[in-house]
Amino acid sequence: LVVYTGAGISTAASIPDYRGPNGVWTLLQQGRAVETRSLTDAQPTVTHMALARLHKEGYVKHVVSQNCDGLHIRSGLPRQALSEVHGNMYIEVCTECDPEVEYIRLFDVTERTSLHRHATDRCCHVCGEPLRDSIVHFGERSCLEQPHNWEDAMENAKKADAILCLGSSLKVLKRYSCLWGMTRVLHRRPKLFIVNLQWTPKDDNATLKINGKCDELMVLLMKRLELDIPVYRRETDPIFKLAMPLLSDEHDSFSTCQLTQPTDATSLRTQQDSKPPTCNINEDDKGGKQGDHSSYKPGWFGKGCAKRRSSAAKRRKSNATTATSVKLSE
């Protein structure tokens, strides 16, 4: 079993999806406000934790994720069992070293990066060359060995007896025929199971399509398998052991929120009880006008939203102009 995951498995962590009824792209196209929490405050969901357990028990061989939020790693899913084909917000890479060297951080490394500008303003501890983020920004293509790990994604797809798609519109992944066993004869192709609230272009090829929420399905599945779903605990989050410490001159190289590990029961309880800060990336000012791009969070997610919002605004303006011209001609 190979699992393909999309933004829909992280909505329970208060990270919005893109194309759902309340998705980022949907709301921006309608000119509505998009409110999100800092992605660093997000924690692995029931689905993330269940997948980690299913891999441990041997049910899941590999996970191919389109998400950049790093929650699969933080759930305890081993690196070798994961292909993050769009990158990871916590990982920066030295491409000058051979093999490439990964640096896992406790903060969003994309604060200063953007489309076609990937330098994070930190340098490799081995060769001294500039590091780059691992994100495939909106409008780009994957080019890194890790964490994208396309080689293992394709290899496991070739061997798959079944494919489970969770929370993805599949509008991007559908383009990669290597992930769907399309080169096999028809009766040897993997069975396809899809769980998503909306239509996907692979629905007609699915053995079973469930229009539902991923967490709810995973609870039922784990109950059927008589397996407990591990509870996420910040103090045992694997990222704290995987993270590379910053050098003394790198501590001022970022200004975004940083993941912190609880040191005692009191601080742990405080973190669990506190509400993560919210960030309205399309605020209205007192005059009722839409906020400018300065209200967007730094990093890949905020910049992507800003770019999409600008494009959506231009389309609405163009449509309004066209409609006015038609009325005047009539």
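Keep in mind that what you see is a predicted model, and the values were worked out from it rather than measured. In what follows, residues are counted from 1 in the order of the sequence shown.
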TODO: Please test R79 against I73 for side chain to side chain contact (heavy atoms under 4.5 Å, CB included), starting from the C-alpha separation and ending with a verdict.
DONE: CA-CA 7 Å; R79 296 298 310 283; I73 288 179; 3.5 Å; yes
- [ ] Show the numbers, then the answer: is there a side chain to side chain contact (heavy atoms under 4.5 Å, CB included) between D228 and R53?
- [x] CA-CA 8 Å; D228 293 330; R53 178 67 190 277; 3.9 Å; yes
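Atom SG of C94 sits about 7.0 Å away from atom CD of E129, to the nearest 0.5 Å. Taken to the nearest 0.5 Å, the NZ atom of K223 stands 10.5 Å off from the CD atom of E226. If you take CG on N205 and CD1 on I163, they are separated by 10.5 Å, rounding to the nearest 0.5 Å. Atom NE2 in H55 sits 10.5 Å away from atom OG in S75 (nearest 0.5 Å). In this structure, the separation between CZ on F193 and CG on L1 is 8.5 Å, given to the nearest 0.5 Å. Interatomic distance, SG of C257 versus CG of L39, reported as 10.0 Å (0.5 Å rounding).
In this structure the side chain of K213 reaches within 4.5 angstrom of the side chain of L197, judged on heavy atoms. Counting only heavy atoms from C-beta outward, the side chains of N67 and H86 never approach each other to under 4.5 Å. Annotation: side chain of I135 is not in contact with side chain of I91 (no heavy-atom distance under 4.5 Å). Here the side chains of L208 and I194 are not in contact, with every heavy-atom distance at 4.5 Å or above. At a threshold of 4.5 Å between non-hydrogen side-chain atoms, the residues R122 and V109 count as touching. For the pair L54 and K56, the minimum side-chain heavy-atom distance is 4.5 Å or more. Residues I239 and I104 are in side-chain contact: their nearest non-hydrogen atoms beyond the backbone lie under 4.5 Å apart. Side-chain atoms of C165 and L170, non-hydrogen and from C-beta on, do get closer than 4.5 Å to each other.
A chain of hydrophobic side-chain contacts below 4.5 Å, direct or via other Ile, Leu, Val, Met, Phe, Trp or Tyr residues, connects L164 to L225. When the side chains of ILVMFWY residues are joined at heavy-atom separations under 4.5 Å, either directly or via intervening members, F240 and F254 end up in two distinct hydrophobic clusters. Cluster annotation: L259 is not connected to F107 through the hydrophobic network of ILVMFWY side chains, with a link wherever side-chain heavy atoms come within less than 4.5 Å. Note: the hydrophobic cluster containing V101 also contains L131 (ILVMFWY, side chain heavy atoms under 4.5 Å, direct or indirect links). V136 and M154 fall into different hydrophobic clusters, where Ile, Leu, Val, Met, Phe, Trp and Tyr are joined by side-chain heavy atoms under 4.5 Å apart, directly or via other members.
In the model, D237 has a side-chain atom that pairs as donor or acceptor with a side-chain atom of Y232 under 3.5 Å. Inspection of the H148 and S134 side chains reveals no N or O donor paired with an N or O acceptor under 3.5 Å. A side-chain donor from one of H72 and T5 sits under 3.5 Å from a side-chain acceptor of the other. Checked by atom type, the side-chain pair S169/T200 shows no donor-acceptor distance below 3.5 Å. A donor and an acceptor atom, one from each side chain of D133 and T110, are nowhere located under 3.5 Å apart. Side-chain polar atoms of Q66 and S168 form a donor-acceptor pair below 3.5 angstrom. Between H48 and T45, the side chains place a donor N or O and an acceptor N or O closer than 3.5 Å (distance only, hydrogens not considered).
In this structure a side-chain-to-backbone donor-acceptor pair under 3.5 Å is present from S83 to N149. In this structure, R188 contributes its side chain and G181 its backbone to no donor-acceptor pair below 3.5 Å. In this structure, the side chain of R189 engages the main chain of M182 through a donor-acceptor pair within 3.5 Å. Although no hydrogens or angles enter the test, the distance criterion places no donor-acceptor pair under 3.5 Å between the side chain of R74 and the main chain of P44. For N88 (side chain) and Y90 (main-chain N/O), a donor-acceptor pair under 3.5 Å exists by modelled atom type. Between the E100 side chain and the L144 main chain, no donor and acceptor come within less than 3.5 Å of each other. Remark: the backbone N or O of L179 is paired with a side-chain donor or acceptor of Y4 at under 3.5 angstrom. Of the possible polar contacts, none joining the D161 side chain to the P190 backbone as a donor-acceptor pair under 3.5 Å is found. At distances below 3.5 Å, at least one donor-acceptor pair connects side-chain atoms of R117 with backbone N or O atoms of R112. Checked by atom type and distance alone, the side chain of E250 pairs as donor or acceptor with a backbone atom of L247 at under 3.5 Å.
Heavy-atom minimum distance, K61 versus A81: O-CB, 4.2 Å. Closest heavy-atom contact between C123 and G128: CB-O, 3.6 Å. The shortest non-hydrogen separation linking T113 to H118 is CG2-O, 3.3 Å. Taking all atoms of both residues into account, the shortest heavy-atom contact from V64 to A153 is CG2-CB, 3.8 Å. Closest of all the heavy-atom pairs between G8 and T11 is O-OG1, 3.1 Å. The two residues S10 and L71 make their nearest non-hydrogen contact at OG-CD1, 3.9 Å.
Under the 30°/60° scheme for interplanar angles, the aromatic rings of Y176 and W150 are found to be tilted.
A 6.0 Å sphere centred on CG of D249 holds more than 12 heavy atoms belonging to other residues, nucleotides or ligands. Few gaps surround NZ on K209; more than 12 heavy atoms of other groups in view lie less than 6.0 Å from it.
Figure legend: cation-pi geometry between K202 and W180, with NZ or CZ positioned under 6.0 Å from the six-membered ring centre and within 45° of its axis.
At a threshold of 4.0 Å, the pair E92-R132 does not count as salt-bridged, since none of the basic side-chain nitrogens sits closer than that to a carboxylate oxygen.
Centroid-to-centroid, the aromatic rings of Y103 and H125 come within less than 6.0 Å.
For Y59, there are no ring-ring contact (aromatic ring centres under 6.0 Å, His included) partners at least two apart in sequence or on another chain.
Paired with I229 under the rule side-chain contact (heavy atoms from CB on, under 4.5 Å), one option of T47, V219, L221 passes, and it is V219. Checking N156, V63, V60 one by one against V2, the side-chain contact (heavy atoms from CB on, under 4.5 Å) holds for a single residue, N156.
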